[in-house]
Amino acid sequence: MLRFMTPGSGAIQPGHPGAHSSWMEHLDESDYFVEAWRCDLASGVFQLGQRTALLIGVSSRSCGIVDLVRAYDGRDRATVLNILEQATASPSSFCFTTVVRPPASKAAQLFCVGRSLLDAATGENTLQGVFAIPRERPALDA
């Protein structure tokens, strides 16, 4: 279970695959719905899992960064955007958590564990990882 972060916090470790593996080990799928996501940096389009798309309130499983971050608690947005900006600058492993406030349902905590794959030789420039949503959503303060 991810116990190392409270909403609005995160971490990034440039070029550190061990951090990514360690954070992934904390995701106990009996406690979380875990869905993969991917972002092609050339287009800026995120591909989300169905449950994540529903949680953040987008009508399609493809969305832009603005659509994604708009669903995050306003207090968490700067932290998340800073982490993602750093991850697009150099190969990195990162994690963050935020509170998502969908328009039609109660707030939920959302965890992200990801990494950036930036390779000039192959042309691969992506962010990818997983979003984890607690199966039993605790009540979060408004």
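In this structure, the side chains of I65 and L81 come closer than 4.5 Å at one or more pairs of heavy atoms. V100 places none of its side-chain heavy atoms less than 4.5 Å from the side chain of F131.
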Side-chain donor-acceptor contacts of residues 43-58 below 3.5 Å, not counting sequence neighbours, with atom names and distances?
residue	atom	partner	partner atom	Å
S43	OG	D40	O	3.4
S43	OG	V45	N	3.2
Q47	OE1	S62	OG	2.8
Q47	NE2	S62	OG	3.0
T52	OG1	E35	OE1	2.7

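Separating the OG1 atom in T126 from the CD atom in Q128 is a distance of 4.5 Å, to the nearest 0.5 Å. Taking CZ of R38 as the reference point, atom CG of L127 lies at 9.5 Å (rounded to 0.5 Å). One finds the CG atom of L110 at 11.0 Å from the OH atom of Y32 (value rounded to the nearest 0.5 Å).
In this structure, the side chain of S92 does not engage the main chain of F94 through any donor-acceptor pair within 3.5 Å.
The minimum heavy-atom distance linking E85 with T88 is given by the pair O-OG1, 2.8 Å. The two atoms that bring V99 and A107 nearest to each other are CG1-CB, 3.8 Å, heavy atoms only. Looking at every heavy atom in both residues, W37 comes nearest to G114 through CZ2-CA, 4.2 Å. The shortest heavy-atom contact between S116 and A87 is OG-O, 2.8 Å.
Take D73 and apply the side chain to side chain donor-acceptor pair (under 3.5 Å) test, not counting sequence neighbours, and it matches R75, R101. Residues meeting the side chain to side chain donor-acceptor pair (under 3.5 Å) test with R77, sequence neighbours left out: none. Residues passing the side-chain contact (heavy atoms from CB on, under 4.5 Å) test with N125, sequence neighbours excluded: L41, L118.
When each of L84, N82, I83 is tested with V80 by the rule side chain to side chain contact (heavy atoms under 4.5 Å, CB included), just one qualifies, namely L84.
Within the structure, the salt bridge (Lys or Arg N to Asp or Glu O under 4.0 Å) test picks out the following pairs touching residues 52-72 (sequence neighbours left out): D67-R70. For residues 66-89, no residue pair satisfies the ring-ring contact (aromatic ring centres under 6.0 Å, His included) rule, not counting sequence neighbours.
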Given the rule in the side-chain contact (heavy atoms from CB on, under 4.5 Å) test, do V69 and T98 qualify, once you have shown the distances and angles that lead to the verdict?
CA-CA 10 Å; V69 175; T98 184; over 6 Å; no
